[in-house]
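If you read the sequence from its start, that first residue is 1, and numbering goes on from there. Worth saying up front: this structure is predicted, and the values here are computed from it rather than measured. Both backbone and side-chain heavy atoms feed into the values below; hydrogens, waters and symmetry mates do not.
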Amino acid sequence: MSTRRKLPIGIQTLRDIRDGGYYYVDKTPQVARLADSGKYYFLSRPRRFGKSLLIDTIAEAFAGQRALFEGGEAAVALGVEPAAASRPRLYLAEHWDWGRRHPVIRISFAEGRLEQRHQLEAHIHDQLSINAARLGVDIPAEPADPHIRLGHLITRTAEARGQQAVVLVDEYDKPILDNLETPDIARAMREGLRNLYSVIKGRDADVRFAMLTGVSKFSKVSIFSGLNNLYDLTLDPAYGALCGYTEEDLDTVFAPEFEAAAADGQPLNRGEVRRWYNGYAWGPVSVYNPFDVLLLLRMREFRPHWFETGTPTFLVQWLQRRGFFTPRLEQLYADEALLSAFDVDGIEPEAMLWQTGYLTIKGVQRFAGEIEYQLAVPNWEVRQALNKALMQAWHPQPRSAPLRALHDALGQGDVAALQAHFERLFASIPHDWYRANPIAQYEGYFASVCYSHLASLGVEIIPEDVTHEGQCDLTVKHAGIVWVFEFKVIQGEQATGQALQQLQTKNYAAKYRGAPGVERVIEVGVEFSRSRRQIVGWEALAAHPPPR
């Protein structure tokens with residue numbers, strides 16, 4: 001068995017990881033490339049994807065802390081304890097100019113929640129004062145505006161050290177995101193941050209390198225209007241794996257953990273690991289969320305580790321208010337402008353879901369100089385956990401219908417049990433709840449409830465399944481059975497038969513009959529009464545594949 005190390009759960013500093021004997025996935029080849037090829041950068045990634053550790057790694061490199069990047073005898077020669085030096089040598093150890101040290105200015109908004117503009121300014125002032133003290137320079141005292149103090153800090157630091165400064169901002173957007181539910185405060189935060197960040201461009205002669213990281217990619221006309229020389233790394237294919245773990249990382253760096261799990265009688269099936277946690281893509285190589293991988297290796301249990309660290313209450317409520325048609329989570333299309341259309345006064349669902357990590361890029365199409373991105377849920381963790389959260393908003397008593405019974409009905413092809421399950425699901429909603437919740441009034445409500453309920457099971461789901469005759473509303477594949485659904489919302493209280501009739505007329509199920517692995521195809525037409533708010537029509541036709 002290979003040598004095991006400690007799992008760096010929640011550790012965001014390179015020194016602690018390297019000196020403490022933790023696993024470290026070497027991202028320094030990309031750091032070297034960034035430093036060699038440009039000066040001003042911006043990177044957007046979802047929470048807990050390793051942005052803070054990346055910033056710290058960059059800071060230590062520019063500060064000339066070579067010992068952190070060395071391993072073995074070379075590290076011991078630089079003063080590292082022999083026990084800590086038994087670590088792999090990083091790429092940057094021999095691909096960096098260690099003879100030149102740059103002063104590093106670091107600003108972070110990762111900690112705490114700032115809910116007023118004066119709190120934001122106090123936070124910035126405090127960090128500027130800490131940087132000035134650490135770098136040994138004097139800057140104007142408060143109450144000078146924060147952006148004025150930052151400008152002086154950059155210039156005076158460069159002059160005092162005789163080297164251009166490095167400016168690193170972690171979670172640059174958090175004060176805005178934390179206040180999206182109160183737009184006036186969010187706008188005030190945006191203005192304060194825009195003034196601060198605009199200073200960086202104005203000190204070009206004194207800046208060697210600058211990087212801002214965060215979750216959101218605000219439009220350039222909002223927060224970055226004064227800093228329009230940033231190069232956006234977010235969708236650069238060369239840096240798609242700058243944050244996150246690749247399949248190769250699991251095969252190499254974390255191989256000892258998989259070996260140990262197997263030896264302990266708790267093997268982690270790699271196919272399941274991939275299905276649960278892989279699938280995020282900002283380039284040609286898909287990646288895992290690091291937090292998920294580390295918690296899985298620690299607990300050896302498949303569960304929504306990342307999702308549970310920050311249930312997206314605001315996101316769910318925001319989707320609810322907008323009447324978002326949840327089957328769209330499986331397939332959306334957007335151009336780059338739409339993905340960047342993120343600001344306090346206007347956020348598109350595609351941008352919100354993509355930037356927060358609940359959608360990822362599944363495909364790229366280029367036509368006439370334009371780029372179109374296909375977006376979808378990245379993996380089983382997000383599909384299951386997000387849809388469970390949505391069900392709590394879509395339905396007041398989501399646990400009134402046991403999921404185990406639903407899972408069994410799908411796998412056994414039990415049409416009657418499935419019908420009874422969904423009838424109970426909608427019948428359990430109190431009449432007063434409908435009147436108090438606008439979400440129940442929009443056209444896609446019933447189909448969204450059905451989708452989110454089914455999507456939390458782990459079965460294969462294809463919403464708006466395309467055929468040569470058009471597209472049906474929902475296809476579910478499970479245990480060799482294909483269920484093809486068509487949903488209709490009718491005004492009256494009596495079933496019309498239109499849902500099943502459309503399935504038959506369009507013959508949506510044709511492509512599955514006789515397909516490899518398909519033992520049975522079941523077509524289901526479901527009709528919801530808007531006035532009764534219940535299922536009033538349920539017709540099904542089942543067919544076995546023809547004999548061969």
Side-chain angles (χ1 to χ4, degrees), residues 1-39 41 50-106 134-136 161-168 170 208-209 211 238-239 241-260 285 287 290 293-294 297:
M1 182 182 297
S2 305
T3 303
R4 296 180 66 187
R5 294 183 172 274
K6 293 185 286 187
L7 296 166
I9 299 172
I11 301 178
Q12 301 173 343
T13 56
L14 183 66
R15 183 174 297 279
D16 286 349
I17 288 176
R18 295 286 285 167
D19 290 347
Y22 293 89
Y23 290 106
Y24 177 74
V25 174
D26 190 1
K27 301 292 184 179
T28 63
Q30 293 97 315
V31 172
R33 191 189 312 162
L34 287 172
D36 289 341
S37 60
K39 185 170 180 177
Y41 295 103
K51 300 186 297 295
S52 296
L53 178 57
L54 173 66
I55 285 290
D56 190 73
T57 302
I58 293 171
E60 297 289 13
F62 275 110
Q65 300 299 319
R66 182 174 186 173
L68 293 179
F69 299 85
E70 288 284 4
E73 294 182 3
V76 173
L78 292 170
V80 177
E81 293 293 328
S86 60
R87 61 197 185 194
R89 191 186 198 204
L90 302 184
Y91 176 88
L92 215 60
E94 55 182 344
H95 295 88
W96 193 261
D97 182 2
W98 296 109
R100 178 175 296 179
R101 296 190 174 195
H102 292 270
V104 180
I105 297 169
R106 300 181 62 173
R134 175 173 54 81
L135 296 168
R161 296 295 182 88
Q163 293 286 353
Q164 291 175 304
V166 171
V167 182
L168 304 173
D170 193 20
R208 163 63 181 87
F209 184 96
M211 181 177 238
Y239 297 97
L242 182 59
C243 291
Y245 296 158
T246 65
E247 197 74 49
E248 182 182 359
D249 295 330
L250 269 63
D251 288 338
T252 55
V253 177
F254 296 105
E257 294 303 310
F258 287 98
E259 295 169 2
V285 179
V287 297
V293 171
L294 297 176
L297 295 176

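The side chain to side chain donor-acceptor pair (under 3.5 Å) test applied to R134 returns N131, not counting sequence neighbours. Applying the salt bridge (charged side-chain N to carboxylate O under 4.0 Å, His left out) criterion to R87, with sequence neighbours excluded, gives D19. The side chain to side chain donor-acceptor pair (under 3.5 Å) check on R161 picks up nothing, with sequence neighbours excluded. Residues satisfying the salt bridge (charged side-chain N to carboxylate O under 4.0 Å, His left out) test with E247, not counting sequence neighbours, are R270, R274. Scanning for side chain to side chain donor-acceptor pair (under 3.5 Å) contacts around Y239 gives an empty result, with sequence neighbours left out.
Within the 4.5 Å cutoff, side-chain heavy atoms of R100 are placed close to those of Q163. Side-chain contact between L90 and R18 is present, with at least one heavy-atom pair separated by less than 4.5 Å. Counting heavy atoms from C-beta on, the side chains of F209 and L34 come closer than 4.5 Å. When side chains are defined from C-beta on, L294 counts as touching P8, because their heavy atoms get closer than 4.5 Å.
With hydrogens and angles disregarded, no donor-acceptor distance shorter than 3.5 Å links the side chain of Y245 to the backbone of V293. Judged purely by atom type and a 3.5 angstrom limit, T28 has no side-chain atom pairing as donor or acceptor with the backbone of V31.
Distance check: R33 CZ to L242 CG gives 9.0 Å after rounding to the nearest 0.5 Å. Distance check, rounded to the nearest 0.5 Å: CD1 of I17 to NZ of K6 gives 11.0 Å. R5 contributes atom CZ, which lies 5.5 Å from atom OG of S86 (distance to the nearest 0.5 angstrom). Annotation: the span from L68 atom CG to L92 atom CG amounts to 11.0 Å, rounded to 0.5 Å. Here the CG atom belonging to L250 is positioned 4.0 Å from the CZ atom belonging to F258, to the nearest 0.5 angstrom.
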Scan the side chains in residues 55-66 for donor-acceptor partners under 3.5 Å anywhere in the protein, sequence neighbours excluded, and list what turns up.
residue : atom : partner : partner atom : Å
D56     : OD1  : R106    : NH1          : 2.8
D56     : OD1  : R106    : NH2          : 3.3
D56     : OD2  : L14     : N            : 2.7
T57     : OG1  : Y24     : OH           : 3.4
T57     : OG1  : L53     : O            : 2.8
Q65     : OE1  : R15     : NH2          : 3.4
R66     : NE   : E70     : OE2          : 3.2
R66     : NH2  : E70     : OE2          : 3.4

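Between A93 and W98 the shortest heavy-atom distance is O-NE1, 3.0 Å. The shortest non-hydrogen separation linking Q164 to H102 is O-ND1, 2.8 Å.
Ring geometry for Y91 versus H95: interplanar angle under 30°, hence parallel rather than tilted (30 to 60°).
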(message) For E259 and R4: C-alpha separation, side-chain torsions, deciding distance, then whether salt bridge (Lys or Arg N to Asp or Glu O under 4.0 Å) applies.
(response) CA-CA 10 Å; E259 295 169 2; R4 296 180 66 187; over 6 Å; no
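V104 pairs with exactly one of L168, V167, L135 by the side chain to side chain contact (heavy atoms under 4.5 Å, CB included) rule, that one being L168.
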